[in-house]
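Side-chain atoms are counted along with the backbone in the values below, which use heavy atoms only and exclude waters and symmetry mates.
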Amino acid sequence: MPAAPQFSPAAGPDEGVARLVDGGKPANAPGTSDALPAPDATAPMLVTGTPKLSWRDRATEAVAGAVAGAVAGDQAPTWSLDLRAIQDGVDEQHSRQVIDLATRVATSLLSTGASAAEVTASVLRIVAVFKLRSVHADVTFTSISVCHYRGAEPPVTTMRTVRARTADYERLARLQQLVNDIEDSPSPDLARARETFDEIASMRRVYRCSFVTVASAAMAMSVCIQLGGTIAEVVLSLFNAVAVDRAQLWVARRRLPAFFAQIIGGMIPTAVAIGLVYAGSQSVPGLAGVSASVVVATGIVVLLAGLSVVGAAQDAIDGYYVTAAARSFEVVVLTLGIVAGILAVLKAGHSLGAPLEVAPYTGLASSLQTQVIASALIAGTFALSSYAGGNTALLCLATGSVGWLVYALATPLNLGPSASSGIAALVVGALAQVLARVAQVPSLALSTAGIVPLLPGLATYSGLFLWATSGPGDYEEAFAALTGAMSIGLALAAGVSLGSYLGRAAQRDAGRIRDRARERSLRRARADARE
């Protein structure tokens with residue numbers, strides 16, 4: 001019994017017919033594979049015409065097609081959506097060696113203070129030089145993971161934890177120079193690069209701890225001079241800074257957490273301030289006119305200078321929110337340590353009946369030239385206390401002086417301390433990027449040192465003092481002072497981050513590996529351009 005007839009689609013788009021094939025076997029379309037048998041020429045075939053479309057249906061289809069063509073996008077998204085398998089032909093052994101070098105360099109960069117975006121870009125630069133494609137780097141505050149995806153082959157993945165974090169700008173500069181040398185070399189040698197990294201990782205610190213203490217003391221003296229302090233106040237600030245630095249070093253050598261080191265750091269200048277107030281009330285010769293506010297504000301600026309406020313803001317703006325949150329929380333915890341130390345001493349002195357007074361001191365050195373020179377010295381000595389090399393410290397003199405000069409010029413415009421500080425930080429951030437690229441020094445060192453003279457040490461102390469001495473329900477003035485100090489800190493962080501972005505954008509060269517890598521590392525921070 002013959003099989004029931006079946007219909008098959010038309011062979012071409014213009015035929016508009018269906019062919020009946022005996023036995024239910026569809027006919028091959030023209031130009032397709034010959035895997036299917038051709039129909040028997042003797043088999044009966046029935047050809048029927050399709051119904052003709054009306055003019056209304058044809059008009060509707062035309063309008064729908066025109067609308068779809070006008071609305072649909074004309075290209076694929078510009079952000080990374082291509083997940084096709086990539087096979088770069090690199091053998092596994094070579095891949096492991098390159099990934100190991102990139103991961104170790106990245107871990108050292110993050111440990112010495114580099115931003116997450118810079119660490120990611122350094123990884124991408126190294127692997128690009130050694131011809132690895134489809135490499136993915138994940139940077140957090142405590143670990144770094146790098147994966148070389150090789151299509152159908154097993155991926156090469158490494159992870160390292162960041163066990164210590166300390167500001168060491170000279171080591172950071174040498175690591176950045178190593179990455180630059182790898183990229184600029186006409187024939188990069190992987191073995192030689194690994195040897196150079198081992199030398200950098202095992203090098204001693206550029207300065208002794210005693211030299212760092214001297215630099216911290218010089219920074220405190222410069223802050224006191226900037227605030228218009230007298231000779232006695234400058235000398236007291238020097239001894240104050242030495243005591244704080246050596247006490248924190250003692251705590252660190254006992255393997256205690258940094259929180260307790262900050263507590264001790266906050267207690268020492270506050271105790272000195274209470275002693276000065278008591279000495280003034282007792283008419284001690286030589287100490288009657290000494291301002292306790294200047295001395296304690298100097299100590300707080302020295303303590304705040306070591307916090308990674310700039311790094312936290314930079315990571316947040318660059319889109320590395322996990323790392324930014326961790327850095328920010330570290331800043332909060334260490335700042336709370338300072339607060340706890342100050343409040344503990346103030347509360348103890350208040351309960352013992354010590355004469356506590358804090359004058360609303362807002363003075364600065366009478367000469368703008370003195371202020372600018374003092375700001376330059378603050379930035380330079382801070383760089384030395386963070387183990388910066390000679391060239392980096394000299395450039396920090398420039399960023400510190402320019403930052404304060406911009407702040408002094410913006411203050412008469414009645415913009416407020418927060419806005420004036422933000423504008424100055426923006427200029428510092430942009431200048432740091434330009435100088436860093438020209439002189440091959442870490443931009444982080446230049447920008448961080450440049451905003452140290454602008455830190456709100458006096459406002460912080462005033463707010464905490466009012467908090468400790470106010471009664472229940474009388475904290476409005478204390479909140480106002482602390483909010484003002486916080487707003488200045490946020491303005492500094494935001495300004496230096498925006499300035500860094502502008503400085504990088506002005507020097508971008510899309511043809512270089514370093515700029516392509518930085519562009520890729522900052523993709524997550526882009527605004528949604530509907531592309």
Side-chain angles (χ1 to χ4, degrees), residues 108-109 111-115 118 166-178 180 200 203-226 237-238 241-242 245 249 298 301-311 369-407 424-425 427-455 492 496 499-500 503:
S108 300
L109 285 171
S111 299
T112 52
S115 65
E118 182 179 357
T166 180
D168 191 343
Y169 293 141
E170 178 61 21
R171 198 180 306 270
L172 175 61
R174 297 198 182 190
L175 290 169
Q176 292 176 340
Q177 187 60 46
L178 170 61
N180 293 337
I200 296 174
M203 64 177 281
R204 295 183 178 181
R205 289 190 182 272
V206 66
Y207 306 125
R208 294 179 178 270
C209 292
S210 57
F211 181 85
V212 174
T213 301
V214 173
S216 299
M219 180 172 63
M221 294 174 58
S222 302
V223 173
C224 191
I225 294 173
Q226 182 194 51
S237 299
L238 184 150
V242 171
D245 186 82
L249 181 61
T298 299
V301 169
V302 174
L303 290 172
L304 293 176
L307 304 184
S308 57
V309 178
V310 176
Q369 181 179 1
T370 303
Q371 297 175 21
V372 173
I373 294 175
S375 300
L377 293 176
I378 292 170
T381 51
F382 168 77
L384 292 176
S385 66
S386 300
Y387 300 98
N391 294 336
T392 305
L394 290 176
L395 292 176
C396 287
L397 296 176
T399 57
S401 59
V402 170
W404 186 263
L405 183 61
V406 173
Y407 173 79
V427 175
V428 168
L431 179 62
Q433 291 295 324
V434 176
L435 294 178
R437 191 146 188 175
V438 173
Q440 298 296 312
V441 298
S443 61
L444 177 69
L446 303 183
S447 58
T448 303
I451 66 170
V452 170
L454 303 170
L455 292 174
L492 290 174
V496 75
S500 299

Using atom types as modelled and distance alone, determine if a side-chain donor or acceptor of [X] lies under 3.5 Å from a backbone N or O of [Y].
X: Thr381; Y: Ile378; answer: yes
X: Arg171; Y: Met203; answer: yes
X: Thr392; Y: Ala388; answer: no

Between [X] and [Y], what is the shortest heavy-atom contact and its length?
X: Ala220; Y: Thr298; answer: O-CG2, 3.1 Å
X: Ser447; Y: Ala432; answer: N-CB, 3.7 Å
X: Ala217; Y: Val242; answer: CB-CG2, 3.8 Å
X: Pro442; Y: Tyr169; answer: CG-O, 3.6 Å
X: Ser216; Y: Ala241; answer: O-CB, 3.9 Å

Heavy-atom distance under 4.5 Å between the side chains of [X] and [Y], does that happen here?
X: Ser375; Y: Ser401; result: no
X: Val402; Y: Val428; result: no
X: Ser500; Y: Gln433; result: yes
X: Arg205; Y: Thr166; result: yes
X: Gln226; Y: Trp404; result: yes
X: Met219; Y: Leu377; result: no
X: Glu170; Y: Asp168; result: yes
X: Phe211; Y: Leu384; result: yes

Name of the residue among Val452, Leu446, Val496 meeting side-chain contact (heavy atoms from CB on, under 4.5 Å) with Thr399 =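 Of all the options given, the one that passes is Leu446.
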Let me confirm one number: the [atom1]-[atom2] distance from [X] to [Y], rounded to the nearest 0.5 Å.
X: Leu172; Y: Ser386; atom1: CG; atom2: OG; answer: 11.0 Å
X: Arg208; Y: Tyr387; atom1: CZ; atom2: OH; answer: 11.5 Å
X: Leu303; Y: Leu455; atom1: CG; atom2: CG; answer: 11.0 Å
X: Leu492; Y: Thr448; atom1: CG; atom2: OG1; answer: 11.0 Å
X: Gln440; Y: Leu435; atom1: CD; atom2: CG; answer: 12.0 Å
X: Ser443; Y: Leu395; atom1: OG; atom2: CG; answer: 12.0 Å

Intermediate values then yes/no, side-chain contact (heavy atoms from CB on, under 4.5 Å), Ile225 and Gln371 | CA-CA 8 Å; Ile225 294 173; Gln371 297 175 21; over 6 Å; no
